Each structure stands twice: as structure tokens, then as C-alpha cells.
Amino acid sequence: MNAAIWGLIGTLVGELRDLTLWCEGMVWCSPERHGAMTGIMKSQIDWIPLSMGAIRPTQGKTLAVMQVSGGSQSFNAVNQMRILGRWMRMITIPNQSSVAKAFQEFDEVGRMKPSAYYDRVVDVMEELVKFTLLTRDVSEFLINRYSERKESAEALGKRVNLGSI
């Protein structure tokens, strides 16, 4: 790849990381492709760091997961995203959405048509807002771990610093 493309990737990754630090909650939605979330979705999640020094940018943030598929309803992509959310210490809400035959569910301008699928997406978004509000002022308490409290930020920085590789 040439330098311009790498520069663009660096800019986008930086923006993704900044938005991850800024936000209180996230919505991850992926098409299901070959029984899994897409490679693009996984790559994007992989660019979100598990830690930045002593800061874990996703820890304690709420997460909603959804998927669309071109065929019958499945939950493979949402299950994978749910596992990743837990791995990243996010508060993954119980509700989720899977829209089957998504090509039939949108009108000519790209707006989702009224249906049970639409209602489910709204339910998921409402639940995300509720969980975000419920955990907003207590997320530090919920994610506070003994193993991390006993290690100083300086010691953690030395332990996870990959600059020596």
C-alpha cells in the first residue's frame, strides 16, 4: 500500500479510538456472511485497543449488537460480537436484533419499513439507552477490579508497553 492509503487508515483509526474514548455506549451491527460477522467488522473492532496505557477505552461502556442477513434468520454474528464485547469488558445489553432477508426490509430511500423487525431494532435501541443511563454514574464501580487496583498505572504501563518488541 502507498503512503496516502496508510495515512488515511491512520486518520480513521485515530478517529475510531477518539470516539471510543468519548462515547458512553456503542451499537455494533454486521451483516452475517458465511455464518459469521464480516471480516471488515472484525477488523474494525480489532483496531479498538483493549488498553491505552492504564486506560481501557471500552471498559464499562454499554454495547448493543445487531445483524442483518440476506437469508433466513440466524444469530451467529450477534453471538460473536457479544463475545467480543465481553472480552473488551463492555456491558453488553441482553436484547439483540437479527433482521432476516434484510433486502426486503428497506424502502427505496434506505429507510427501514414498519415490521416486527423494525420494532425489535427500536426495542434494542431503547434498552441500550436505558442501560447506558442506569450505568452512567456507576460504571467505575461495576468495572473496578482488585487485580487492577493493586497494580499502579506506572507498573501497568511498563508491563503492557509493546515498544520493546
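Source: prediction; values computed, not measured.
Side-chain atoms of Pro31 and Ser69, non-hydrogen and from C-beta on, never get closer than 4.5 Å to each other. Side-chain contact between Trp28 and Met41 is present, with heavy atoms from C-beta onward closer than 4.5 Å. Considering only heavy atoms from C-beta on, Pro94 comes within 4.5 Å of Phe131 through its side chain. Residues Met81 and Thr92 form no side-chain contact, since every pair of their non-hydrogen atoms from C-beta on lies 4.5 Å or further apart. You'll find the side chain of Leu50 reaches within 4.5 Å of the side chain of Trp87, heavy atoms only. Proximity of Val65 to Leu63: side-chain heavy atoms (C-beta onward) are separated by under 4.5 Å at one or more points. Met26 is listed as a side-chain neighbour of Met90, based on a closest heavy-atom distance under 4.5 Å.
Between the CG atom of Leu84 and the CE atom of Met88 there is a distance of 7.5 Å, given to the nearest 0.5 Å. Atom-to-atom distance recorded for Ser97:OG and Met125:CE is 8.0 Å, nearest 0.5 angstrom. Put simply, CE on Met66 and CG on Asn95 are 10.0 Å apart, with the number rounded to the nearest 0.5 Å.
Using a distance-only test at 3.5 Å, with no hydrogens or angles considered, a donor-acceptor pair links the side chain of Lys61 to the main chain of Cys23. A donor-acceptor pair is defined here as one N or O able to donate and one able to accept, closer than 3.5 Å; no such pair exists between the side chain of Ser30 and the backbone of Gln67.
Residues that satisfy the side-chain contact (heavy atoms from CB on, under 4.5 Å) test with Leu16, not counting sequence neighbours, are Thr20, Gln44, Trp47, Ile48. A search for side chain to side chain donor-acceptor pair (under 3.5 Å) contacts involving Thr132 returns Thr62, not counting sequence neighbours. Listed by chain and number, the residues in a side-chain contact (heavy atoms from CB on, under 4.5 Å) with Leu134 amount to none (sequence neighbours excluded). Remark: Phe106 pairs with Ala102, Met112 by the side-chain contact (heavy atoms from CB on, under 4.5 Å) rule, at least two apart or across chains.
In terms of heavy atoms, Ala100 sits closest to Tyr117 at CB-OH, 3.3 Å. Closest heavy-atom contact between Ser74 and Ser98: O-OG, 2.6 Å.
Cluster partners of Val129 are Leu133, counting Ile, Leu, Val, Met, Phe, Trp and Tyr whose side-chain heavy atoms approach within less than 4.5 Å, directly or via other members. Grouping Ile, Leu, Val, Met, Phe, Trp and Tyr by side-chain contacts under 4.5 Å, direct or through others, puts Leu19 with Trp22.
Atom CZ of Phe75 sits in a crowded spot, with more than 12 heavy atoms from other residues, nucleotides or ligands closer than 6.0 Å. Summarising the local packing, CZ of Phe103 is surrounded by more than 12 heavy atoms from other residues, nucleotides or ligands at distances under 6.0 Å. No more than 12 heavy atoms of other residues, nucleotides or ligands shown are found within 6.0 angstrom of CZ on Arg33.
Pairs engaging residues 76-96 under the salt bridge (Lys or Arg N to Asp or Glu O under 4.0 Å) rule: Arg89-Glu148 [sequence neighbours left out]. Identified under the salt bridge (Lys or Arg N to Asp or Glu O under 4.0 Å) test for residues 92-110, with sequence neighbours left out: none. Residue pairs meeting the salt bridge (Lys or Arg N to Asp or Glu O under 4.0 Å) criterion with at least one member in residues 39-49, sequence neighbours excluded, are Lys42-Asp46. The salt bridge (Lys or Arg N to Asp or Glu O under 4.0 Å) analysis of residues 119-137, with sequence neighbours excluded, yields the pairs Glu24-Arg136.
Ile91 and Ile83 are not part of a single hydrophobic cluster, where members link through side-chain heavy atoms under 4.5 Å apart.
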